[in-house]
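Read through the structure below, which is laid out as structure tokens, and then see the notes.
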Amino acid sequence: MYIKRWLSAPVQQKDGSLHTSEKGTPHGAVVSPLLAILFLHYCMDKWLTLNYPNCPFERYADDAVIHCRTEAEAKSLMNSLSQRVKECGLELHPEKTKVVYCKDGKRKGDYEVKTFDFLGYGFQPRLCRSKTGMSFLSFTPAISKKSQKHILEKVRESKQLQQSQSDLASIAEELNPTLRGWINYYGKYRKSKLDQVLSLVDIRIARWARKKYKKLHGSIQMSLRWVGKVKKSMPNLFVHWRIQRSSTSG
């Protein structure tokens, strides 16, 4: 009864008008992701477990990664899954759905697609170093390029950084909760990649300082040196400064 009410309930628009949907769930409704998860659990998860027990998988909402042992097995599974979801009234995304070759030091073949993104991480062959100092090729995750771009866009949207009358304390107060979230999530693997992105936050702070202080108007290099001095005198002001300090000290 409640599911039927959720699906048939009209959605109020910004102008106050009511819109009734004749198909699917209302976009943005609380129940929409819940119903989608339940539907995919039986439509996809249970089906994979029964028909491909040797192919483990991860799924978050409608984004999934399925692990296969061979290219033939992967292509066969993709065709079968495509047919399965069609029977359930769905369709695999024609551009996002693909077979990826997880190339590393042991899998040395050469295939067209060797990378994929999942939950903000980019998975691809990367040069790693063992505990003994030996270099080897591994298929590992790191913050994706799309996520890097998203971080920089969020920093550019900072209201405090757009105002020359702001001060560093107010900038830190605005950015630190978001910076902490990024570090906790994207810093789990290949933190050096995240550090490269966070270093651009300092450049953005330097640009703000160049607008605020007349003595820094001339050069971005002068502004960057100013940021470096502030970082040394107040290393705990920004979250990423604290992390960088801990890494250096360690």
Side-chain angles (χ1 to χ4, degrees), residues 1-102 113 115-124 139-151 153-154 177-178 180-189:
M1 178 184 69
Y2 285 109
I3 292 175
K4 184 177 180 180
R5 287 178 176 177
W6 268 323
L7 293 174
S8 59
V11 178
Q12 187 174 30
Q13 306 297 327
K14 290 183 178 181
D15 60 2
S17 61
L18 296 177
H19 173 72
T20 302
S21 177
E22 298 179 358
K23 184 178 180 181
T25 61
H27 182 70
V30 176
V31 73
S32 298
L34 174 61
L35 293 178
I37 289 170
L38 288 171
F39 190 85
L40 285 172
H41 175 71
Y42 292 101
C43 170
M44 177 178 166
D45 300 355
K46 285 292 187 181
W47 181 85
L48 283 171
T49 302
L50 291 172
N51 293 276
Y52 292 89
N54 295 321
C55 295
F57 65 93
E58 298 84 31
R59 180 179 64 80
Y60 183 84
D62 61 349
D63 200 2
V65 175
I66 307 172
H67 306 276
C68 301
R69 291 161 294 184
T70 64
E71 180 185 15
E73 183 179 54
K75 288 183 175 180
S76 174
L77 189 153
M78 187 167 68
N79 291 333
S80 298
L81 181 59
S82 178
Q83 182 60 37
R84 165 63 179 174
V85 296
K86 280 183 180 179
E87 294 171 355
C88 297
L90 301 176
E91 182 181 358
L92 296 179
H93 196 290
E95 296 177 3
K96 292 183 178 180
T97 307
K98 55 191 175 182
V99 175
V100 181
Y101 182 63
C102 303
V113 183
T115 67
F116 69 90
D117 288 355
F118 185 60
L119 302 184
Y121 275 91
F123 293 76
Q124 67 182 64
F139 195 84
T140 57
I143 181 173
S144 68
K145 292 181 179 179
K146 185 177 181 180
S147 297
Q148 294 177 34
K149 183 179 179 182
H150 173 73
I151 287 177
E153 288 175 349
K154 285 295 182 181
T178 306
R180 187 178 295 108
W182 289 332
I183 292 169
N184 288 340
Y185 186 75
Y186 294 112
K188 298 296 183 182
Y189 303 97

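When a residue number appears, it is its place in the shown sequence, counting from 1.
In terms of the side-chain contact (heavy atoms from CB on, under 4.5 Å) criterion, residue partners of Glu73 (sequence neighbours excluded) are, by chain and number, Cys55, Cys68, Arg69, Thr70. Taking the side-chain contact (heavy atoms from CB on, under 4.5 Å) definition, one finds that Asn184 meets it with Arg180, sequence neighbours left out. Listed by chain and number, the residues in a side chain to side chain donor-acceptor pair (under 3.5 Å) with Asp15 are Ser17 (sequence neighbours excluded). Applying the side chain to side chain donor-acceptor pair (under 3.5 Å) test to Ser82 and every residue at least two apart in sequence or in another chain returns nothing. Partners of Thr97 under the side-chain contact (heavy atoms from CB on, under 4.5 Å) rule, at least two apart in sequence or in another chain, are Met78, Leu92, His93. Scanning for side-chain contact (heavy atoms from CB on, under 4.5 Å) contacts around Ile37 gives Arg59, with sequence neighbours left out. In terms of the ring pair (Phe, Tyr, Trp, His ring centres under 6.0 Å) criterion, residue partners of Tyr101 (sequence neighbours excluded) are, by chain and number, Tyr111. For Tyr121, there are no side chain to side chain donor-acceptor pair (under 3.5 Å) partners at least two apart in sequence or on another chain. Among residues two or more places apart in sequence or in another chain, the side chain to side chain donor-acceptor pair (under 3.5 Å) test is passed with His67 by Glu58. Under the ring pair (Phe, Tyr, Trp, His ring centres under 6.0 Å) criterion, Trp182 pairs with no residue, sequence neighbours left out. Every residue two or more places apart in sequence or in another chain that forms a salt bridge (Lys or Arg N to Asp or Glu O under 4.0 Å) with Lys75 is listed here: Glu71.
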Check residues 83-91 and write down every donor-acceptor pair under 3.5 Å in which the side-chain atom is one partner and the other belongs to a residue at least two apart or another chain.
unit_1	atom_1	unit_2	atom_2	d
Arg84	NE	Cys43	O	2.8
Arg84	NH2	Tyr42	O	3.4
Arg84	NH2	Cys43	O	3.4

- Ile66 vs Met44, side chain to side chain contact (heavy atoms under 4.5 Å, CB included): CA-CA, chis, key distance, verdict: CA-CA 11 Å; Ile66 307 172; Met44 177 178 166; 4.2 Å; yes

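In plain terms, the two heavy atoms of Tyr185 and Leu119 that are nearest each other are OH-O, 2.6 Å. Taking each heavy atom of Ala74 and Val99 in turn, the nearest pair found is CB-CG1, 3.8 Å. Among all heavy-atom pairs drawn from Phe123 and Pro141, the shortest one is CE2-CB, 3.4 Å.
Rounded to the nearest 0.5 angstrom, Ser144 OG and Phe118 CZ are separated by 12.5 Å. Taken to the nearest 0.5 Å, the CZ atom of Phe116 stands 9.5 Å off from the CG atom of Asp63. One distance of note links CG of Leu40 with CG of Leu35; it measures 11.0 Å at 0.5 Å rounding. In this structure, Asn51 CG and Lys46 NZ are separated by 12.5 Å, a value rounded to the nearest 0.5 Å.
Checking side-chain atoms of Thr115 against main-chain N and O of Gln124 turns up no donor-acceptor pair under 3.5 Å.
Counting heavy atoms from C-beta outward, Leu77 and Leu48 have side chains that approach closer than 4.5 Å. At a threshold of 4.5 Å between non-hydrogen side-chain atoms, the residues His150 and Ile143 do not count as touching.
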